[in-house]
Every structure is written in structure tokens, then in C-alpha cells.
Engineer: 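A single structure is presented below for examination.
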Amino acid sequence: MLRTEFIRNNTELVKKGLIKRNWSEDRCAILEEVITLDDQRKKIQTSSDSLLHEMNLLSGQIGDLYKSGRREEAEVLKAKVGELKENSKELESKLKEAVDNIEAKLLTIPNVPNELVPFGNSEEENEVYKDWTEALPDLGDNALAHWELAEKYNLIDFKLGVKIAGSGFPLFRNKGSKLQRALINFFLDEASKAGYEEVVPPLLVNAPTATATGNLPDKEGQMYVAERDELYLIPTAEVPVTNIFRDVILNEADFPQKLTAYTPCFRREAGSYGSDVKGLNRVHQFDKIEIVQIAHPANSYDVHQEMLDHVEGLLQKLELPYRILRLCGGDLTFTSALTYDFEVYSAGQKKWLEVSSVSNFETYQSNRLKLRYKNSEGKKQLAHTLNGSALALARIIAAIFENNQTEQGIKVPAVLVPYIGFDWIN
RNA sequence: GGAAGAGUGGCAGAGCUGGUUUAAUGCACCGGUCUUGAAAACCGGCGUACGUUAACGCGUACCGGGGGUUCGAAUCCCUCCUCUUCCGCCA
């Protein structure tokens with residue numbers, strides 16, 4: 001969420017950002033509306049506060065009068081305060097209305113994109129920031145898709161998943177499940193080596209937590225809900241891990257905060273059907289290792305680069321062909337200022353699969369989280385939050401299956417052999 | 001799940017028969033005096049958010065969250081949450 005004061009002082013800058021996100025000139029009028037509403041709010045608060053002040057004074061006098069036994073005079077004042085109270089209640093509800101109104105509008109305003117974010121309407125216009133320069137693997141017409149390989153080698157049972165839960169809930173088995181476990185351990189070890197503290201967070205979160213990361217109220221349809229207990233299944237570890245820092249005030253010496261977590265992720269993916277959902281391409285439950293950093297505003301983009309390097313290193317170690325995209329304004333997540341997507345080429349389907357998204361949210365999340373730090377003057381400032389997938393498993397598995405298929409089976413990437421204990425899946 | 005008790009400022013801890021509480025006091029922290037320096041002692045300061053002001057300052061709200069009673073609530077009532085102890089159940 002942007003701060004009202006920020007919008008007030010940087011209206012043109014915010015407007016430029018919205019236009020990069022393909023907002024129309026008319027739609028940008030919301031910025032002026034917020035400012036006008038905030039002006040009104042200030043006026044209401046001023047009169048409300050002074051009325052309360054008056055009532056407080058009179059109440060004090062009533063107390064004094066009672067003590068000195070002057071009951072009649074006290075009664076007169078009581079009647080007077082009673083009248084003021086009517087007005088006060090009215091002002092109070094107006095104030096609440098104004099505040100709620102402003103907040104509701106702020107929630108519909110996305111983050112201001114970084115200067116580097118290219119213009120564009122959709123994912124087709126994302127900028128290829130770093131392309132794969134070697135030849136892409138060409139396995140000919142006999143190359144199988146990962147769901148065919150999964151069946152051939154008995155690695156994933158999609159039908160059993162349907163029986164037990166429904167479509168989009170794959171059941172990994174045999175060497176398929178071992179590969180999954182190996183990847184989790186590999187990614188967590190790499191994150192630890194890079195200085196991230198490992199945490200195991202709750203997989204269900206409460207409403208305040210889901211609200212702080214922006215999953216509520218507008219993205220409610222994306223999450224599974226345990227209604228009876230008012231808990232939400234996490235769509236990503238970002239939600240519980242970032243909330244570690246809700247209502248936290250750090251010291252400058254506390255930077256950077258680096259956390260990593262392995263969790264399953266649950267996504268309803270309502271409304272997405274078709275060839276994209278085949279096999280592991282888009283599922284309701286998948287495993288992911290997330291990296292999160294809380295950074296000082298002065299160097300959060302260095303931190304961003306560090307995280308990109310980390311993810312890139314993982315893909316290199318797995319020997320997978322990848323490219324990095326810089327998301328355009330039209331494809332940029334609501335809360336992000338700058339996002340890079342990592343895509344892995346999957347030779348069986350002959351397409352690029354998104355396996356990681358690394359974003360800098362600047363203060364957009366921390367404003368809602370109330371995540372601040374004390375600067376050298378002792379003043380409280382909002383910190384920057386960043387996160388990225390390192391990495392999302394299901395599609396990595398799909399890519400390994402497809403790219404590493406040979407006549408004698410699927411070759412396990414060398415870096416995983418110590419984790420998994422065998423060289424071939426066959 | 002049942003019963004009882006408790007949640008107060010960075011920490012500890014009063015207040016909880018409603019009105020000099022603008023939340024006592026201690027510790028911690030910051031500034032000063034003293035000292036070669038430090039400690040001790042003494043003096044002063046010490047929360048957050050919002051509004052208002054050129055500024056000093058002033059005002060409002062906040063004693064787990066929300067609601068209520070009252071002219072007035074940390075204090076009384078309702079409700080939810082959390083913690084502690086005991087019982088039950090259980091990996």
C-alpha cells in the first residue's frame with residue numbers, strides 16, 4: 001500500500017507509474033480523489049479533536065463540582081456534555097468513514113514501477129533481460145512430455161491424485177518422490193550457504209497475516225480457506241515468512257535479514273484451464289523454497305541483484321537452460337516495483353516454464369506490515385522487502401524429466417546425485 | 001474440550017471500592033554536573049500514531065483486540081484472542 005503522504009508529495013511520479021501499468025488518464029484521477037478525501041479527513045479530525053477536548057474539560061469540572069457538593073451546577077454541565085456527545089459521535093463515525101474510504105482506495109492503487117520496468121501490456125512484451133545463448137536442446141520428435149515420462153517410469157500418479165484430492169494434486173512416487181526430496185534439500189542447503197536462516201513456518205495463516213501481504217481482501221479467491229477456524233492455506237511461504245516482520249522495528253545494524261523456507265504452496269488457480277494446466281505445469285499444490293530479505297532502502301537493489309545471482313546459480317548447477325525476463329508494466333505484480341522472472345526451457349513440450357520470480361517491493365509491503373527501522377537520527381523509516389523463489393519444484397521436475405531424457409532413462413543432474421543416491425531414473 | 005487465574009509504556013511492576021493518573025516507582029537508555037577517565041552519586045530527559053503550528057508548543061487517541069454503560073473507564077459490563085496452572089483427550 002502506498003502512503004497517502006507519498007501520493008500527495010509525488011503525485012506526478014505515481015501517475016507516471018500507473019500509466020506504465022496501462023492505467024488510463026481517467027483512472028489516475030483516483031490519486032486526486034485520495035488527496036481530496038484526506039483533506040476532508042484532516043478537517044473532520046480537527047473538529048472532532050477539539051470537541052473531545054471541550055468535553056474532557058467539562059467532565060473534569062463536573063468531577064470538581066461533585067466533590068465540593070455543588071450538585072445542581074454539575075447537573076447543568078452534564079446536560080451540556082450530553083448534547084456535545086451527540087455531535088461527537090457523528091463526527092467520529094464520519095471520521096471512520098473517511099479513513100475507511102481512503103484505505104479502500106489505496107488498496108486499489110498498485111506499487112509504482114521502478115524506472116527499469118519496460119512499457120508493455122502483457123507477458124509477450126516482457127523484456128528478455130538475459131537470454132540463453134547456447135543452442136536449446138533438441139530431442140527430436142520422439143521427445144516425451146514430462147507427464148508421459150512420469151507414467152513410463154512410474155514417477156507421478158496423476159490419477160491417484162485425482163482420486164484422493166482432485167485434479168491438480170499430483171501424487172509423486174518412487175524415484176519421483178525421491179527427486180522431490182533431493183531438490184528440497186539441495187535448495188535449502190544452497191540457501192543456507194548463502195547466509196539465509198532456515199525457518200519452518202505455519203502453513204495455515206490467520207486473516208491479519210493474509211491481509212498484511214495483500215492476499216486479502218482482493219485475492220481471496222486464490223486461496224483455500226479453512227472456514228471453520230478462519231484460517232487460510234498459504235499460496236506461498238512469502239505470506240508467513242514476511243509476516244515475521246509485521247509490527248517490527250529493526251535497527252540499522254540488523255540489516256540485512258535473510259530468511260529461507262521450504263513449504264508446500266496451495267493455490268486454487270480458479271479460472272485457469274487448458275493446455276497450460278497439463279501435468280505439472282499448473283497445479284493446486286506444489287513445493288517451493290522461498291528466499292526473503294529485508295533490506296535497507298539505500299541498498300535494496302544490490303540485495304535484489306544478489307538474490308538474482310543466487311537463483312541463477314541454482315539453475316546453472318542443475319544444468320538447465322534458462323533465461324531471465326524483466327517484467328513489463330502490464331505483467332508486473334500489483335505489489336512489486338521490479339520483478340525478474342526465471343524461465344526454464346522444457347525440451348519435451350518445447351516451451352519455457354516460469355520457475356522463479358524475484359521481486360523488490362520497496363516500501364509497498366512494509367507500509368502495510370508496519371515494518372520499520374530506526375535510522376541514525378532515531379527516526380523510524382519503512383524498510384524494503386524482497387523475495388524470490390529458489391526454486392519452485394514442480395516445474396523444475398518437469399524440466400529435468402524432459403531435458404534429461406535419453407534412451408536409457410532420465411539422467412539425474414550431477415549436483416543432485418549425492419542427495420538422491422543414484423544416477424539414473426529408469 | 002472442561003475449570004480457575006492473568007494480560008499495563010524497552011523490561012520489571014503499582015493502580016483495578018470509576019474523577020489531581022497528564023499511568024506511580026524501579027531498572028535500562030539519552031543528556032548534564034562532578035572526575036585525568038570511568039564507576040557511583042545528583043539533576044534533567046525518556047512511548048506510538050494522528051491533527052494543528054513558521055517554530056516552541058498545543059490537542060486527540062492508545063493500559064491484549066473489539067463493543068457497551070457513564071458527564072467521565074486502565075478501573076464496571078459483554079465478547080473475542082493469547083498466556084499460566086489443573087483435568088480430559090491425543091501424535
Side-chain angles (χ1 to χ4, degrees), chain A residues 1-9 34-107 200-212 216-217 225-232 240 243-254 264 363 365-383:
Chain A
M1 200 162 63
L2 296 177
R3 286 161 297 148
T4 315
E5 277 312 294
F6 183 80
I7 294 174
R8 187 186 284 281
N9 299 330
V34 166
I35 294 170
T36 308
L37 277 170
D38 192 49
D39 288 339
Q40 287 169 10
R41 188 210 104 231
K42 288 183 181 185
K43 278 185 191 144
I44 297 169
Q45 180 159 351
T46 304
S47 33
S48 175
D49 280 359
S50 65
L51 190 55
L52 284 170
H53 177 52
E54 197 180 343
M55 288 164 64
N56 284 343
L57 287 179
L58 291 174
S59 292
Q61 287 174 23
I62 292 171
D64 292 341
L65 289 172
Y66 268 119
K67 256 183 218 160
S68 51
R70 294 148 75 183
R71 285 178 172 271
E72 289 90 43
E73 290 171 65
E75 291 301 326
V76 173
L77 282 187
K78 267 166 85 165
K80 193 173 172 189
V81 179
E83 283 172 36
L84 294 180
K85 201 173 170 183
E86 300 274 311
N87 296 336
S88 169
K89 279 197 169 163
E90 198 179 315
L91 280 176
E92 221 169 281
S93 71
K94 268 191 185 168
L95 185 61
K96 189 178 184 311
E97 196 185 324
V99 171
D100 290 349
N101 219 332
I102 292 167
E103 164 132 354
K105 287 212 189 305
L106 286 178
L107 287 178
V200 181
L203 305 181
L204 279 76
V205 296
N206 56 29
T209 293
T211 306
L216 286 180
V225 187
E227 212 166 314
R228 187 185 168 116
D229 297 293
E230 281 186 82
L231 292 170
Y232 301 82
N243 268 276
I244 291 172
F245 298 97
R246 178 152 49 98
D247 293 319
V248 164
I249 297 172
L250 298 166
N251 292 311
E252 283 197 310
D254 297 332
T363 60
Q365 283 188 328
S366 55
N367 185 35
R368 219 158 167 201
L369 285 167
K370 296 207 186 73
L371 163 55
R372 293 165 294 174
Y373 69 96
K374 245 186 223 171
N375 67 15
S376 49
E377 292 162 359
K379 242 184 125 186
K380 293 178 181 68
Q381 309 276 340
L382 292 170

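Note on naming: letters A, B, ... go to the chains in the order of the sequence lines (proteins, then strands), and numbering restarts at 1 for each one.
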Engineer: Check whether Asn9(A) reaches the backbone of Glu5(A) with its side chain - one donor and one acceptor, N or O, closer than 3.5 Å.
Structural biologist: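 It does hold such a pair.
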
Engineer: Closest nucleotide of RNA chain B for Leu77(A) versus for Arg372(A): which of these residues is on the 5' side?
Structural biologist: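 With Leu77(A) and Arg372(A) compared, the 5'-side residue is Arg372(A).
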
Engineer: With Tyr373(A), which residues qualify under ring pair (Phe, Tyr, Trp, His ring centres under 6.0 Å), at least two apart?
Structural biologist: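 For Tyr373(A), the residues satisfying ring pair (Phe, Tyr, Trp, His ring centres under 6.0 Å) (neighbours in sequence not counted) are Phe255(A), His296(A).
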
Engineer: Tell me, what's RNA chain B's dot-bracket, Watson-Crick or G-U with both distances under 3.5 Å, | for other-strand, [ ] crossing?
Structural biologist: ((((((((.[[[..)...(.....]]].(((((.......))))).((((((....)))))).[[[[[..)....]]]]])))))))....

Engineer: Chain A on RNA chain B: first and last contacting nucleotide, 5' to 3', under 4.0 Å to a heavy atom?
Structural biologist: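 Answer, 5' to 3': rG19(B) to rG72(B).
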
Engineer: Mind checking the C1' distance from rU75(B) to rG68(B)? Whole angstroms is fine.
Structural biologist: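 Going atom to atom, C1' in each nucleotide, I get 15 Å.
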
Engineer: Under the side chain to side chain contact (heavy atoms under 4.5 Å, CB included) rule, collect the residues that match up with Ala104(A), sequence neighbours excluded.
Structural biologist: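 Partners of Ala104(A) by the side chain to side chain contact (heavy atoms under 4.5 Å, CB included) criterion come out as none, since no residue qualifies.
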
Engineer: In whole Å, measure the gap between the C1' atoms of rA61(B) and rA23(B) for me.
Structural biologist: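 It works out to 15 Å between them.
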
Engineer: What integer number of Å spans the C1' atoms of rA55(B) and rG32(B)?
Structural biologist: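 rA55(B) and rG32(B) have their C1' atoms separated by 25 Å.
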
Engineer: Would you measure the distance from the C1' atom in rA74(B) across to the matching atom in rU8(B) and give it in whole Å?
Structural biologist: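 To the nearest whole Å, 7 Å.
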
Engineer: Enter the distance from Glu230(A):CD to Leu204(A):CG here, rounded to the nearest 0.5 Å.
Structural biologist: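 Reported value, rounded in 0.5 Å steps: 13.0 Å.
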
Engineer: Quick one: pull up CD1 in Ile44(A) and CG in Asp49(A) and give me the separation to the nearest 0.5 Å.
Structural biologist: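 Reported value, rounded in 0.5 Å steps: 12.0 Å.
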
Engineer: Relative to the 5' end of RNA chain B, which residue comes earlier, Leu58(A) or Lys374(A), by the nucleotide with the nearest heavy atom?
Structural biologist: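 Mapping each residue to its closest nucleotide by heavy atoms, the 5'-most match is Lys374(A).
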
Engineer: Scan residues 34-56 of chain A against RNA chain B and write down, sorted by residue number, each residue with any heavy atom closer than 4.0 Å; if none is found, say none.
Structural biologist: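 Output list: Arg41(A), Lys42(A), Gln45(A), Thr46(A), Asp49(A), Leu52(A), His53(A), Asn56(A).
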
Engineer: On a whole-Å scale, what distance lies between the C1' atoms belonging to rG5(B) and rG47(B)?
Structural biologist: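 Straight-line distance between the two C1' atoms is 29 Å.
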
Engineer: Roughly how far, to the nearest 0.5 Å, is the CG atom of Leu250(A) from the CG atom of Leu371(A)?
Structural biologist: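 Interatomic distance, Leu371(A) CG to Leu250(A) CG, rounded to 0.5 Å: 5.5 Å.
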
Engineer: Work out how far the P atom of rC16(B) is from that of rA6(B), and round it to whole angstrom.
Structural biologist: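 rC16(B) and rA6(B) have their P atoms separated by 14 Å.
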
Engineer: Measure the spacing between CZ of Phe245(A) and CG of Asp254(A) and express it to the nearest 0.5 Å.
Structural biologist: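 Going from the CZ atom of Phe245(A) to the CG atom of Asp254(A) covers 9.5 Å.
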
Engineer: Please report the interatomic distance CD(Glu54(A)) to CG(Leu58(A)), rounded to the nearest 0.5 Å.
Structural biologist: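 It comes to 6.0 Å.
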
Engineer: Apply salt bridge (charged side-chain N to carboxylate O under 4.0 Å, His left out) to Asp39(A) and list each qualifying residue two or more places apart in sequence or on a separate chain.
Structural biologist: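 Residues passing salt bridge (charged side-chain N to carboxylate O under 4.0 Å, His left out) with Asp39(A): Arg8(A).
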
Engineer: Between rC90(B) and rC81(B), how far apart are the C1' atoms? Round to whole Å, please.
Structural biologist: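 Roughly 24 Å separates the two C1' atoms.
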
Engineer: For RNA chain B, which residues in residues 83-106 of chain A have a heavy atom at a distance below 4.0 Å?
Structural biologist: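 Residues of residues 83-106 of chain A that come under 4.0 Å of RNA chain B are, in numerical order, Lys85(A).
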
Engineer: Just jot down the side chain to side chain contact (heavy atoms under 4.5 Å, CB included) partners of Lys380(A), sequence neighbours excluded, or say none.
Structural biologist: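 Testing Lys380(A) for side chain to side chain contact (heavy atoms under 4.5 Å, CB included), a comparison that skips the adjacent residues, returns Ile249(A), Arg372(A), Lys374(A).
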
Engineer: Taking only residues two or more places apart in sequence, or in another chain, which ones meet Asn87(A) in a side chain to side chain contact (heavy atoms under 4.5 Å, CB included)?
Structural biologist: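 Only Leu51(A) meet the side chain to side chain contact (heavy atoms under 4.5 Å, CB included) criterion with Asn87(A).
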
Engineer: Restricting to salt bridge (charged side-chain N to carboxylate O under 4.0 Å, His left out), what partner residues turn up for Glu75(A), sequence neighbours left out?
Structural biologist: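 For Glu75(A) the salt bridge (charged side-chain N to carboxylate O under 4.0 Å, His left out) partners, ignoring immediate neighbours, are Lys78(A).
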
Engineer: Which residues pass the side chain to side chain contact (heavy atoms under 4.5 Å, CB included) test with Glu92(A), not counting sequence neighbours?
Structural biologist: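 Expected list: Ser88(A).
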
Engineer: Using the C1' atom on both, measure rC63(B) against rA12(B) and round to a whole Å.
Structural biologist: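 Nearest-Å result for rC63(B) against rA12(B) at atom C1': 16 Å.
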
Engineer: Looking at residues at least two apart in the chain, or sitting in another chain, which of them share a salt bridge (charged side-chain N to carboxylate O under 4.0 Å, His left out) with Arg41(A)?
Structural biologist: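 So Arg41(A) forms a salt bridge (charged side-chain N to carboxylate O under 4.0 Å, His left out) with Asp38(A).
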
